[in-house]
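All remarks here apply to the structure that follows.
Note that the structure is predicted; figures quoted are calculated from it, not measured.
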Amino acid sequence: SYTSLVMGMIELTSHEKEGEGVIIKDGSGYYYVLTTDDLVEKRKGYENVSYTVLDSYGHAYKASLKHSSVGYNLAVLYFEKGERMLEVAPMANVPPEIGENIAIASFTERGVAPSFGEVLTYERILHSDIGSNAGDIRFDMMVHNAQTDVKISGRPVFSMELGLVGIQCGTLSEEAVEYENSHVIPLEAIRKYLDTYGL
């Protein structure tokens, strides 16, 4: 969620979005959270943006945006570690092949409730095909048949060995066009994003 002064005026305007992410790095005094760009992208007129990260135990942390990319629809937030030690999700060594099983972590009041499915295919999706004028992504999306409760952007997808293999996709355009929750930003795109921007 974020709040800021608009155009330097006295009027206080707020805007909130909710989504998920996964801790991918434990840096020197900081944790790094991988999520999707549509959750953190600033709207025009917003200057000072702050984010709140909730861990699976309900503890809140004030986070900042380290980097985001519209082209990958990925972003990295960071926040101070504090006294609590949080688990860092390892990256899978290789992406899952078509037919392999995956697990999607869904957070509930009782903890993490995974849903299982398999990889159906990898396919390129063009924004023009869904009526959007946004720039097209440049990688194949992973498509699966795991059942998820809602379209949650940023939700992590894991291999059966509990390695991160994807991030559930969300809105990829200013026109608020959403992909179905069966489409996932795959491991190879995540690795390329992190390597390209030195994250």
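In this pair, Tyr31 and Phe79 present their aromatic rings tilted. The plane angle is within the 30 to 60° band. A perpendicular orientation is assigned to the rings of Tyr30 and Tyr78, their planes being inclined by more than 60° (bins at 30° and 60°).
The side-chain contact (heavy atoms from CB on, under 4.5 Å) with Leu74 is formed by just one residue from the set Leu194, Thr35, Val40, Ile185; it is Ile185.
The two residues Ala89 and Val22 have their closest heavy-atom pair at CB-CG2, 3.4 Å. Between Gly154 and Ile167 the shortest heavy-atom distance is CA-CG2, 3.6 Å. Of all the heavy atoms in Tyr72 and Thr196, the pair that sits closest is OH-OG1, 3.9 Å. Here the shortest heavy-atom pairing between Gly166 and Val184 reads CA-CG1, 3.5 Å. The two residues Pro95 and Glu188 have their closest heavy-atom pair at CG-OE2, 3.8 Å. In terms of heavy-atom proximity, Tyr193 sits nearest to Ala75 at OH-CA, 3.6 Å.
Following chains of ILVMFWY side-chain contacts shorter than 4.5 Å, one can reach Val53 starting from Met85, so the two form part of one hydrophobic cluster. Connection of Val88 to Val33 is established within a shared hydrophobic cluster, with ILVMFWY side chains joined at heavy-atom distances below 4.5 Å, either directly or through further cluster members. Tyr197 and Val76 fall within a single hydrophobic cluster, where Ile, Leu, Val, Met, Phe, Trp and Tyr side chains are chained together by heavy-atom contacts under 4.5 Å. Leu65 and Ile23 fall within the same hydrophobic cluster, defined by Ile, Leu, Val, Met, Phe, Trp and Tyr side-chain heavy atoms under 4.5 Å apart, directly or through other members. Taken together through direct or relayed side-chain contacts under 4.5 Å among Ile, Leu, Val, Met, Phe, Trp and Tyr, Leu77 and Leu54 form parts of separate hydrophobic clusters.
Side-chain contact check for Asp37 and Ser69: no donor-acceptor pair (N or O, by modelled atom type) lies under 3.5 Å.
Looking only at side-chain heavy atoms (C-beta outward), Phe116 and Ile102 stay at 4.5 Å or farther from each other. Using a 4.5 Å cut-off on side-chain heavy atoms (C-beta onward), Thr52 and Lys62 make contact. Met91 has its side chain within reach of Leu187: a pair of non-hydrogen atoms, C-beta onward, lies under 4.5 Å apart.
Atom CD of Glu97 has 12 or fewer neighbouring heavy atoms from other residues, nucleotides or ligands inside a 6.0 Å radius. Counting non-hydrogen atoms of other residues, nucleotides and ligands closer than 6.0 Å to CD of Glu118 gives a total above 12. A 6.0 Å sphere centred on CD of Glu100 holds more than 12 heavy atoms belonging to other residues, nucleotides or ligands.
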Could you go through the side-chain contact (heavy atoms from CB on, under 4.5 Å) check for Leu34 and Leu164 one step at a time?
CA-CA 11 Å; Leu34 180 68; Leu164 182 69; 4.2 Å; yes
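Put simply, CG on Asp26 and CD on Glu87 are 11.5 Å apart, with the number rounded to the nearest 0.5 Å. Interatomic distance, Asn145 CG to Thr121 OG1, rounded to the nearest 0.5 Å: 12.0 Å. Here CD1 of Ile104 is found 3.5 Å from NE2 of His144. Values are rounded to the nearest 0.5 Å. Once rounded to the nearest 0.5 Å, the distance linking CE of Met142 with CD of Glu123 reads 12.0 Å. Separating the OG1 atom in Thr36 from the CZ atom in Arg155 is a distance of 11.5 Å, to the nearest 0.5 Å.
Between the side chain of Ser153 and the main chain of Gly19, no donor-acceptor pair closer than 3.5 Å is present.
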